[in-house]
**Student:** 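Here it is: the structure, laid out below.
Please read all numbers here as calculations on a predicted model, not as lab measurements. Numbered from 1 within each chain, the chains take letters A, B, ... in sequence-line order.
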Number of protein chains: 2
Amino acid sequence: MTSKQEFIEKLRNSSLRPTKQRINICEVLFNRDKTFHFTINDLFKLIKDKTGEKVSLATVYNTVHAFHKKGYLKEIPINSNQTYFDTNVTDHHHFFDVKEEKLIDLKNEDVGPIEIQKSIPGKKIKSVEVLVKLED
Amino acid sequence: MTSKQEFIEKLRNSSLRPTKQRINICEVLFNRDKTFHFTINDLFKLIKDKTGEKVSLATVYNTVHAFHKKGYLKEIPINSNQTYFDTNVTDHHHFFDVKEEKLIDLKNEDVGPIEIQKSIPGKKIKSVEVLVKLED
DNA sequence: TTCGTTGTTTATAATTATTCTAAAGAAGAT
DNA sequence: ATCTTCTTTAGAATAATTATAAACAACGAA
Ligand SMILES: [Mn+2]
Ligand SMILES: [Mn+2]
Ligand SMILES: [Zn+2]
Ligand SMILES: [Zn+2]
């Protein structure tokens, strides 16, 4: 499998040694066609389901945070009891289906350019994110 | 004081009896010129500081949630260890100063109209919020 | 007013996501 | 192979939030 080399590269770039556990995490995170929105708990369960091997919760947290810090994962700002992450690290916005507690990507063209007309002295803009909440 | 009557009205509208504790909470929340962004913990401390009387944390949580449910408070979607609320319940967007952990209002005209071009069958838009993260 | 009812406050316990710890194990360098 | 450094893991610690239940206060009818 060619993807394993990519996983190892991602891990090394994040200053992480490529261990069996971390490869399994990568398998679930990055071996996909579409973007993946998840909580740590989602990921934790999926690792067991998809790889058949259990990885400790602490390792899942540590690895996700390292990837997030390196920019391989994006954190989505929602008020939920759990933190949501996204494998799509490009600039993009989201629908949040409040009932289903599911995130859906919005393409930038679905929202249009957003120009912030105000500025705060000494501060610069780090990110601009739109969250569209959906109800039935 | 004329504002006390408004507090009582807000409480009644939220199906809450006007107690001394809740009036004190209202005093801190609503007796202001500018919008107020806060966490429960901010509010809890401010009540003691501003009114000299202690209100239990449970009461602060309960009252804030009742006001939120009724629409007298807005919850701001940020990933933080604590939930942020806002006394400005109009549609508006925010800067979030990541270092200072402070919210700043953006007027709608500072952002411009946002048109969402995508729709999800069976769902309608409940809110559209922009969060602009600031760094030094 | 007084009394009964219903709602409220509070200390404290429970819950839960996340982070920390430290011991045992694995990876990498020589 | 050996040594060093990093990693995994179970379990403990932390911290925000929610639940509990007993003492107390607001309300409305009598
Ligand atoms: Mn993070
Ligand atoms: Mn709430
Ligand atoms: Zn996304
Ligand atoms: Zn605001």
Side-chain angles (χ1 to χ4, degrees), chain A residues 4-5 7-29 37-48 51-70 73 75-85 101, chain B residues 4-5 7-29 37-48 51-70 73 75-85 101:
Chain A
K4 184 161 178 185
Q5 281 316 307
F7 301 160
I8 291 174
E9 197 186 323
K10 279 193 162 78
L11 287 166
R12 289 239 186 271
N13 287 340
S14 310
S15 313
L16 297 178
R17 287 181 184 171
T19 63
K20 178 163 54 75
Q21 290 89 339
R22 287 171 177 161
I23 299 286
N24 282 340
I25 293 171
C26 287
E27 207 73 58
V28 175
L29 283 178
H37 299 114
F38 65 96
T39 65
I40 296 285
N41 215 41
D42 293 336
L43 180 57
F44 180 68
K45 288 190 207 134
L46 276 175
I47 292 163
K48 261 187 300 204
T51 72
E53 298 174 50
K54 186 201 165 182
V55 175
S56 78
L57 196 52
T59 297
V60 178
Y61 269 101
N62 290 340
T63 306
V64 165
H65 283 145
F67 281 152
H68 176 234
K69 186 176 179 188
K70 184 64 187 180
L73 291 174
E75 193 179 352
I76 309 300
I78 317 178
N79 286 117
S80 164
N81 46 329
Q82 297 182 208
T83 304
Y84 278 79
F85 294 91
E101 294 189 306
Chain B
K4 184 162 178 184
Q5 282 314 309
F7 300 161
I8 291 174
E9 197 186 322
K10 278 193 161 79
L11 286 166
R12 286 246 133 84
N13 286 340
S14 309
S15 313
L16 297 178
R17 286 183 184 170
T19 63
K20 178 162 54 76
Q21 290 87 341
R22 287 172 177 160
I23 300 287
N24 282 341
I25 293 172
C26 287
E27 206 72 59
V28 176
L29 282 179
H37 300 112
F38 65 96
T39 65
I40 296 283
N41 216 42
D42 294 336
L43 180 56
F44 180 68
K45 288 189 206 135
L46 276 174
I47 292 163
K48 261 187 301 205
T51 71
E53 298 174 50
K54 187 200 166 183
V55 175
S56 78
L57 196 53
T59 297
V60 177
Y61 269 102
N62 290 340
T63 306
V64 164
H65 283 145
F67 281 151
H68 176 233
K69 186 176 179 187
K70 184 63 186 181
L73 291 174
E75 193 179 352
I76 309 300
I78 315 177
N79 286 117
S80 164
N81 45 330
Q82 297 181 207
T83 304
Y84 279 79
F85 293 92
E101 294 188 306

**Student:** Roughly how many Å is it from NZ in A:Lys54 to P in D:dG11, rounded to a whole number?
**Tutor:**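 For the pair A:Lys54 NZ and D:dG11 P, the rounded distance is 9 Å.
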**Student:** Would a 4.5 Å heavy-atom cut-off, applied to side chains only, mark B:Thr19 and B:Asn24 as touching?
**Tutor:**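 No, their side chains stay 4.5 Å or more apart.
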**Student:** In whole Å, I'd like the distance from the CG atom of A:Asn41 to the P atom of C:dT19.
**Tutor:**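 These atoms are roughly 14 Å apart.
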**Student:** Take atom CG of A:Leu57 and atom C1' of D:dA13, then tell me their distance rounded to the nearest Å.
**Tutor:**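 The distance from CG of A:Leu57 to C1' of D:dA13 comes to 15 Å, rounded to the nearest Å.
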**Student:** Is it true that a side-chain atom of A:Ser14 and a backbone atom of A:Leu16 form a donor plus acceptor pair closer than 3.5 Å?
**Tutor:**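 Answer holds: no.
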**Student:** Counting only side-chain heavy atoms from C-beta out, which of C:dT9, D:dA10, C:dT18 sits nearest to A:Thr83?
**Tutor:**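 For the A:Thr83 side chain, the nearest candidate turns out to be C:dT18.
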**Student:** Give the intermediate values and the outcome of side-chain hydrogen bond (donor to acceptor under 3.5 Å, both in side chains) for residues A:Thr59 and A:Asn62.
**Tutor:** CA-CA 5 Å; A:Thr59 297; A:Asn62 290 340; 5.4 Å; no
**Student:** With respect to the phosphate group of C:dT19, does any side-chain polar atom (N or O) of A:Tyr61 fall under 4.0 Å of OP1 or OP2?
**Tutor:**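 For C:dT19, neither OP1 nor OP2 has a side-chain N or O of A:Tyr61 closer than 4.0 Å.
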**Student:** OH of A:Tyr84 versus P of C:dA17: gap in Å, rounded?
**Tutor:**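 Result: 11 Å.
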**Student:** Taking any heavy-atom pair under 4.0 Å as a contact, classify A:Thr39: base, sugar-phosphate, or nothing.
**Tutor:**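 Result for A:Thr39 = nothing.
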**Student:** Would you say D:dT17 has OP1 or OP2 under 4.0 Å from some side-chain N or O of B:His65?
**Tutor:**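 Answer no for this pair, as no side-chain N or O of B:His65 is under 4.0 Å from OP1 or OP2.
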**Student:** Using the side-chain heavy atoms of B:Ala58, tell me which of these nucleotides is nearest: D:dT9, C:dT8, C:dT10.
**Tutor:**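 For B:Ala58, the side-chain atoms sit closest to C:dT10.
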**Student:** For B:Thr39, is there any backbone N or O sitting under 3.5 Å from a side-chain donor or acceptor partner on B:Asp42?
**Tutor:**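 Checking the backbone N and O of B:Thr39 against the side chain of B:Asp42, a donor-acceptor pair under 3.5 Å is found.
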**Student:** Nearest 0.5 angstrom please: B:Leu57 CG to B:Ile40 CD1, how far?
**Tutor:**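 The distance works out to 7.5 Å.
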**Student:** B:Asn81 CG to D:dA15 P: how many Å, rounded?
**Tutor:**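 The answer, rounded to whole Å, is 10 Å.
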**Student:** Is the phosphate of C:dA11 approached by B:Ser56 (side-chain N or O, under 4.0 Å from OP1 or OP2)?
**Tutor:**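 For C:dA11, OP1/OP2 do not have a side-chain N/O of B:Ser56 under 4.0 Å.
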**Student:** Round to a whole Å and report the spacing from CD of A:Gln82 to P of C:dT16.
**Tutor:**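 Atom CD in A:Gln82 sits about 11 Å away from atom P in C:dT16.
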**Student:** Atom OG1 in A:Thr83, atom CD1 in A:Ile78: separation rounded to 0.5 Å?
**Tutor:**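 Atom-to-atom, A:Thr83:OG1 and A:Ile78:CD1 are 9.5 Å apart.
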**Student:** Nearest 0.5 Å, what's the CZ-CG distance between B:Phe85 and A:Asn79?
**Tutor:**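 Answer for the CZ-CG pair, B:Phe85 versus A:Asn79, is 8.0 Å.
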**Student:** To the nearest Å, give me how far apart CD1 (A:Ile40) and P (C:dT16) are.
**Tutor:**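 Going from CD1 in A:Ile40 over to P in C:dT16 covers 18 Å.
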**Student:** Could you write nucleotides 22-30 of chain D as a row of B, S and -, 5' to 3', where a protein heavy atom under 4.0 Å of any base atom gives B, of only sugar-phosphate atoms gives S, and otherwise -?
**Tutor:** ----BS---
**Student:** So, is A:Gln21 close to the C:dA26 phosphate, meaning a side-chain N or O under 4.0 Å from OP1 or OP2?
**Tutor:**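 Answer no for this pair, as no side-chain N or O of A:Gln21 is under 4.0 Å from OP1 or OP2.
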**Student:** From CZ of B:Phe44 over to C1' of D:dT18, roughly how many Å is that when rounded to an integer?
**Tutor:**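 For the pair B:Phe44 CZ and D:dT18 C1', the rounded distance is 16 Å.
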